[in-house]
K.L.:
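The following block contains the structure, expressed as structure tokens.
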Protein chains: 2
Amino acid sequence: MTTGPHPIRGEADIIERFLRPLTNASAGSYGLADDCATLTPTPGKDLVLKTDPIAEGVHFFADDPADAIGWKALAVNVSDLAAKGATPRGYLMALSFPATPDPLWLAAFCSGLADAQAAFGIGLLGGDTDRRPGPLSVSITVIGEVPSGQMVRRATAQPGDLLYCSGTIGDAGLGFQLRQDPAARAVSASERADLIDRWHRPRPRLALAAALLAHARAAMDVSDGFVKDLERMCGAAGVGATVSAAAVPLSAVAARLVAGEASVLTQLLTAGEDYEVLAAVSPATAGAFERDARAAGVSVSRVGRITVGPGVTVTDRAGAPMVFARTGWDHF
Amino acid sequence: MTTGPHPIRGEADIIERFLRPLTNASAGSYGLADDCATLTPTPGKDLVLKTDPIAEGVHFFADDPADAIGWKALAVNVSDLAAKGATPRGYLMALSFPATPDPLWLAAFCSGLADAQAAFGIGLLGGDTDRRPGPLSVSITVIGEVPSGQMVRRATAQPGDLLYCSGTIGDAGLGFQLRQDPAARAVSASERADLIDRWHRPRPRLALAAALLAHARAAMDVSDGFVKDLERMCGAAGVGATVSAAAVPLSAVAARLVAGEASVLTQLLTAGEDYEVLAAVSPATAGAFERDARAAGVSVSRVGRITVGPGVTVTDRAGAPMVFARTGWDHF
């Protein structure tokens, strides 16, 4: 006869059994037994700060694998650091549970977080745990560093810059769709699993951070939709952009679906949750950027160019501007 | 004919009209138009980090004044910094709304935040706004600084240290009770208003931070209940404490209520949300601590002493140990 883990008894029990191991015994976490955490900054660096909470029913489903929820909660925050050329240093996490969590669920959630921490080279510094009605929510604040004054900005693209995109666009959106309706697209079982994994476990492009820091004029991560986020990058700089849809990088399965039904392309360009990087790079440094990205093992595709603008134009294979009823995700 | 403010149109509208002014145009906030914020640390300082979210139905009521909710969201976080001897530098805020907020509500909420910011000497650095089912929630992460290696710890109290408490204990708990039932206690209308204000608008003891940094061996803020938090401070250090209940500082109205009904004292000592500071101070530096606290305009009361322990004993006026069915707030 086997027995399950002991039920959870109070906030202190959650901290001691589940959260304390995530600190990796780092000095500044004080074993989660102090009111605050400390972080000793590296001389000559600026801190880069981001908070992006995720909640059940909005960013994940209640029956998603708990380890994927843990991974995603940290990954969506680290993705922003990567796009800014920053190196992660640590994170804080506020957990809100609608009821005392199941210890098996919490153990799996923490194992996903532990995997993400290891992949991103950081540990838990501190946080808070409470109980409240409503969806389970995970609010992470991540802290990174860049050489002082050198964060890669969003608002600094210039007309004439080349526009690059990392990885592939639209797979997470397909995964989200297939997560809700497994028959929504004509894909094999293993393709479906891979696409859903893209939605469950975003891979922040940390390996690209050094190339961005060295060579990009502006960058941001693609989280709310390729077109919407490009519009944001251009709007912040008061510039525009032209993009050739045919140049936007697609996975083999996404390209096959587009070949079968052209309208799928609109979905891919506006679905969001890609957690890829959009970067504006001066033609003078584009060669070095491509070389460093290649050396880092990250594929980057040249998708278009920054223009005087205003406005973003995406042209289809026939050279005609595409029209988007919505360009991406908006919470309101 | 007058018209109200324009309804809110999308996330960008919330940021531009309501949140951007809270940045005080600080360089590191990038007008909330970048993916991340930056902070340039002061050389020789450690960062002190805290996240403590508040949610409707748990930490405030839906019909509480919106400006009080804004104040409280920031104050509960800054209170931890104060107890650690830290100086606030800035904060991030993640807002989750169950529906598009009323612009009048949001304006009042932001005015409470603006008041708190001004009182604590900081501005908004960055954050996130989303919509999700469930209670309105405000997740703030505050960043402060202390001289490197000198954060006032929770776990470092030593037997023989004198135990101090700032301000008065239990008023916020009475305010919370009166907020739910105005007739719960025999108080005048103005006393009721003052007590509810103590619950609505905690005043972090930032003025005490320098004295704590200079003279305290250990400290923490009292947020979940005087007895519970003292037990935590002692437990973290593997020590105990004896406290004379008669020495715990009470406001005039709280003292009058206790004089009328002795059992009220138990409520005051366990209610929480005081946001006062508990500090363990060596007898060798106690005189200097008291002098500096006085110079800073913060009343501190000597309430007891750290012992070899283990355990916390609170004695009543007759010298008998008080028994607490619960020592404070636990979410689980």
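As the structure is a prediction and not an experimental result, all values here were calculated from the model. Below, read A as the first sequence line, B as the second, and so on, with proteins coming before strands; counting in each chain starts at 1.
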K.L.:
Could you tell me which portion of Ala218(A) (side chain, backbone, both or neither) has an atom closer than 4.5 angstrom to a non-hydrogen atom of chain B?
P.N.:
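For Ala218(A), no heavy atom lies under 4.5 Å from chain B.
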
K.L.:
Counting only heavy atoms closer than 4.5 Å, note whether Ile54(A) contacts chain B via side chain, backbone, both or neither.
P.N.:
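Answer is backbone: N, CA, C or O of Ile54(A) sit under 4.5 Å from chain B.
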
K.L.:
For residues Pro53(B) and Asp130(A), report the shortest heavy-atom separation together with the two atoms involved.
P.N.:
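Closest heavy-atom pair between Pro53(B) and Asp130(A): O-OD2, 4.2 Å.
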
K.L.:
So which residue, Asn77(B), Asp221(B), Leu125(B), Ile14(B), ends up with the most heavy-atom pairs under 4.5 Å with chain A?
P.N.:
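Greatest number of close heavy-atom pairs with chain A: Ile14(B).
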
K.L.:
CG/Leu92(B) to CG/Asp52(A) distance, rounded to the nearest 0.5 angstrom?
P.N.:
11.5 Å

K.L.:
Work out which heavy atom in Thr51(A) is nearest to a heavy atom in Gly127(B); give both atom names and the distance.
P.N.:
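Closest approach of Thr51(A) to Gly127(B): CG2-CA, 3.7 Å.
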
K.L.:
How close do Val58(B) and Arg131(A) get, heavy atom to heavy atom, and via which atoms?
P.N.:
CG2-O, 3.8 Å

K.L.:
Write down the atom of Asp35(B), the atom of Ala219(A), and the distance for their closest heavy-atom approach.
P.N.:
OD1-O, 3.9 Å

K.L.:
Under a 4.5 Å cutoff for heavy-atom pairs, which residue among Gly57(A), Pro133(A), Gly126(A) has the most contacts with chain B?
P.N.:
Pro133(A)

K.L.:
Measure the OG1-CG distance between Thr141(A) and Leu49(B) for me, rounded to the nearest 0.5 Å.
P.N.:
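Nearest 0.5 Å value for the OG1-CG distance: 9.0 Å.
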
K.L.:
Any heavy-atom pair between the side chains of Met151(B) and Tyr30(A) that's under 4.5 Å?
P.N.:
yes

K.L.:
Could you look at Ala27(A) and say if it's the side chain, the backbone, both or neither that has a heavy atom under 4.5 Å from chain B?
P.N.:
neither

K.L.:
Taking all non-hydrogen atoms of both residues, which atom of Gly134(A) and which atom of Pro135(B) are closest, and how far apart?
P.N.:
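Shortest heavy-atom contact: CA-CD, 3.8 Å.
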
K.L.:
How many angstroms lie between atom CZ of Arg89(A) and atom CG of Leu47(B), to the nearest 0.5 angstrom?
P.N.:
8.5 Å

K.L.:
Among Lys84(A), Arg154(A), Arg232(A), find the residue that satisfies the side-chain hydrogen bond (donor to acceptor under 3.5 Å, both in side chains) test when tested with Asp34(B).
P.N.:
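The option that passes is Lys84(A).
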
K.L.:
Give the member of Ala94(A), Ala99(A), Ala33(A) that has the highest number of heavy-atom pairs under 4.5 Å with chain B.
P.N.:
Ala33(A)

K.L.:
Please look at Thr40(A) and chain B and tell me whether the side chain, the backbone, both or neither of the residue comes under 4.5 angstrom of a heavy atom of that chain.
P.N.:
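It is both, since atoms from each part get that close.
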
K.L.:
Let me confirm one number: the CE-OG distance from Met93(A) to Ser139(B), rounded to the nearest 0.5 Å.
P.N.:
12.5 Å

K.L.:
Is Leu39(A) in contact with chain B via its backbone, its side chain, both, or neither, using a 4.5 Å heavy-atom distance?
P.N.:
both

K.L.:
Please say whether more than 12 non-hydrogen atoms of neighbouring residues, nucleotides or ligands are located less than 6.0 Å from CZ in Arg326(B).
P.N.:
yes

K.L.:
Pick one of side chain, backbone, both or neither for Asp13(A), based on which atoms fall under 4.5 Å of a heavy atom in chain B.
P.N.:
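Neither the backbone nor the side chain of Asp13(A) comes within 4.5 Å of chain B.
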
K.L.:
At a heavy-atom separation under 4.5 Å, does Thr38(A) approach chain B through its side chain, its backbone, both, or neither?
P.N.:
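Both backbone and side chain.
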
K.L.:
Contact part of Pro43(A) toward chain B, heavy-atom cut-off under 4.5 Å: side chain, backbone, both or neither?
P.N.:
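When you check distances to chain B, no heavy atom of Pro43(A) falls under 4.5 Å.
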
K.L.:
Tell me which of these, Ala55(A), Ala12(A), Ala236(A), has more heavy-atom pairs under 4.5 Å with chain B than the rest.
P.N.:
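Winner by heavy-atom pair count: Ala55(A).
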
K.L.:
Specify which of Val142(B), Val146(B), Val48(B) makes the most heavy-atom pairs with chain A at under 4.5 Å.
P.N.:
Val48(B)

K.L.:
Pick one of side chain, backbone, both or neither for Leu81(A), based on which atoms fall under 4.5 Å of a heavy atom in chain B.
P.N.:
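Contact with chain B is through both the backbone and side chain of Leu81(A).
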
